[in-house]
Amino acid sequence: MSGNHDALRALPAVAALLESPEARALRSTRAHAAVAELARAVIDEVRAELREGALPADRDALLALARVRLTAAAERRERPALRSVINATGVVLHTNLGRAPLGDEVMRAVRDGAMGYAALEYDLEAGARGHRDDSVLPALRALTGAEDALVVNNCAAAVLLACSALAAGREVIVSRGELVEIGGGFRIPEVIASCGASLVEVGTTNRTHPADYARALSPRTGAILRVHQSNFSVRGFTASASLAELSALAAPQGVPVLADLGSGALLDTRDLGLPAEPTARDALAEGADLVMFSGDKLLGGPQAGVVVGRADLVRALRRHPLTRALRPGRLVLAALGAVLKAYENGRATRELPALAALAEAAGSVRARADAAATRVELPEGAALEVVSSEARVGGGTLPDATVPSWALRLSGRSPHRLEAALRLGSPPVIARRAGDALLVDLRTVRDDEVIPLAQALTRALASTPETEHASTHRGEREAPEQEVE
């Protein structure tokens with residue numbers, strides 16, 4: 001203890017650091033309070049390392065180190081709050097990396113909607129106030145066959161709003177096989193409880209029949225909620241009630257059937273070489289009264305929750321007080337409008353990057369991998385080969401589906417340290433580890449990212465020691481090879 005106390009006497013004061021040339025230079029472009037906050041953070045960091053015995057108890061050396069770290073801390077603070085990364089994981093809709101990226105046409109629409117003022121809640125033809133999502137309603141009706149639609153900030157919000165508006169103080173019937181948990185610990189039973197509704201569980205984990213719902217229906221029923229199992233699969237001895245069967249049971253009693261599709265597919269995913277995924281149009285045609293889905297999954301757009309279906313039910317949701325708290329801003333609506341236009345014009349698989357990545361031929365991905373490989377400079381002891389790979393859809397969508405892909409396999413270097421060097425580089429590159437190697441999957445890398453990727457790989461390989469015969473070092477973080485929902 002006394003040794004640590006003696007070492008702390010060498011700790012430079014914050015005031016001394018603020019008098020350094022580095023701090024004075026920073027004050028020429030920043031407020032004094034901001035520089036002082038950075039200086040305190042740097043000194044706190046040095047103090048913690050002194051206590052651990054990781055630094056010498058030399059005041060001059062510590063002040064010199066603090067000056068270097070102050071400059072580095074200021075540079076980090078200047079970076080954008082949300083950093084762009086190169087996604088080399090092969091997970092197209094990577095939840096931790098923002099899910100669906102937005103393409104050029106969509107970003108132009110966002111820019112147009114952000115510059116100056118926009119007719120967000122103003123009907124230009126009528127010269128009166130309009131609804132916030134009027135700009136996207138015609139496209140949503142046309143693409144889904146719905147009578148009306150409403151946009152909120154994500155699919156979880158859509159479920160929350162629907163249950164609050166239609167079933168507060170009543171019961172919501174859900175199959176036990178659909179009581180799912182999605183990202184951030186969001187669980188269907190908890191959201192129903194938070195709406196002031198009571199959950200009625202029917203059936204079993206693997207088998208739920210129409211008769212189970214029929215027995216649960218009562219004058220207290222506010223809704224039947226059908227949750228699509230988009231982020232997991234149950235195989236074997238299974239059974240479930242169709243939306244048509246649920247509608248036949250619920251409609252005579254005036255009970256709405258709500259379908260949480262999650263993934264948001266608006267086209268036939270089999271055209272992308274993927275398993276079939278239900279669309280909103282399919283669900284409405286089969287008997288759902290309201291359908292809810294995400295904007296940033298298979299739809300390929302911004303984070304949003306879309307509700308489509310019967311006009312009277314959508315009207316009830318629109319009038320609910322929660323709607324104001326859950327509504328999206330104009331940038332989201334501008335992006336969503338451009339995405340829907342791409343579907344209406346038959347250009348979705350070309351203009352929406354997520355769909356384009358899923359639809360791209362494996363040979364084209366191979367060509368990009370070859371192009372990247374030729375640009376990587378290998379230090380002594382490092383090896384690179386182009387190998388076949390399996391990409392995934394991601395985003396809690398089609399969990400069993402894989403997409404043929406090609407990757408760079410990097411070996412001869414510690415994969416843990418190489419992954420960290422890439423992750424902490426500029427631009428950050430997020431890859432995935434595979435045993436004693438690192439895989440850089442090119443299906444999720446754009447053509448214009450090939451050269452920056454190769455340069456980042458060259459720098460990371462040069463700065464990483466050769467392979468160590470040891471497992472992951474204590475304190476090293478796992479890369480998001482798989483999404484951490």
Side-chain angles (χ1 to χ4, degrees), residues 140-141 144-150 152 155-180 187-230 238-262 278-293 305-323:
L140 285 172
R141 292 190 186 108
T144 66
E147 295 176 359
D148 202 356
L150 174 69
V152 290
C155 191
V159 176
L160 175 70
L161 178 60
C163 290
S164 297
L166 304 177
R170 306 183 73 186
E171 296 176 346
V172 177
I173 302 174
V174 187
S175 166
R176 288 187 174 89
E178 298 170 7
L179 296 176
V180 301
R187 293 179 171 181
I188 290 296
E190 293 168 1
V191 70
I192 291 174
S194 72
C195 299
S198 300
L199 171 66
V200 176
E201 302 177 22
V202 297
T204 63
T205 302
N206 60 319
R207 292 175 69 82
T208 304
H209 304 280
D212 296 315
Y213 291 93
R215 284 191 293 270
L217 278 168
S218 77
R220 298 183 301 278
T221 304
I224 293 176
L225 176 62
R226 171 77 178 275
V227 183
H228 176 50
Q229 299 172 353
S230 61
T238 63
S240 61
S242 69
L243 287 171
E245 290 170 325
L246 295 181
S247 179
L249 289 171
Q253 301 193 39
V255 173
V257 175
L258 316 180
D260 174 8
L261 291 189
T279 67
R281 180 178 288 277
D282 293 337
L284 289 174
E286 193 178 349
D289 296 297
L290 284 184
V291 176
M292 299 153 284
F293 55 90
V306 182
V307 183
V308 296
R310 276 172 40 189
D312 60 324
L313 299 182
V314 173
R315 190 161 50 248
L317 270 60
R318 187 174 282 122
R319 291 173 176 171
H320 194 277
L322 264 180
T323 300

[X] versus [Y], closest heavy-atom pair with distance:
| X | Y | value |
| --- | --- | --- |
| A146 | G309 | CB-N, 3.4 Å |
| E171 | S218 | OE1-OG, 3.7 Å |
| G222 | P256 | O-CD, 3.3 Å |
| R170 | R220 | CB-O, 3.2 Å |
| G262 | D260 | N-OD1, 3.2 Å |
| A216 | T221 | O-OG1, 3.8 Å |

Side chains of [X] and [Y] in contact at under 4.5 Å (non-hydrogen atoms):
| X | Y | answer |
| --- | --- | --- |
| T208 | Y213 | yes |
| L150 | L161 | yes |
| L166 | L317 | yes |
| S175 | D212 | no |

[X] side-chain N/O to [Y] backbone N/O, donor-acceptor pair under 3.5 Å:
| X | Y | answer |
| --- | --- | --- |
| H320 | L322 | yes |
| R176 | T205 | no |
| E286 | L243 | yes |

### Message
Between D148 and R310 (salt bridge meaning N to carboxylate O under 4.0 Å), is one present in this structure?
### Response
no
Just how far is it from atom [atom1] of [X] to atom [atom2] of [Y], taken to the nearest 0.5 Å?
| X | Y | atom1 | atom2 | result |
| --- | --- | --- | --- | --- |
| R319 | T323 | CZ | OG1 | 11.0 Å |
| R215 | I173 | CZ | CD1 | 11.5 Å |
| L313 | L258 | CG | CG | 8.0 Å |
| H228 | L261 | NE2 | CG | 7.0 Å |

### Query
Among L290, V191, L179, I192, which one satisfies side chain to side chain contact (heavy atoms under 4.5 Å, CB included) with L225?
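Only match with L225 under side chain to side chain contact (heavy atoms under 4.5 Å, CB included): I192.
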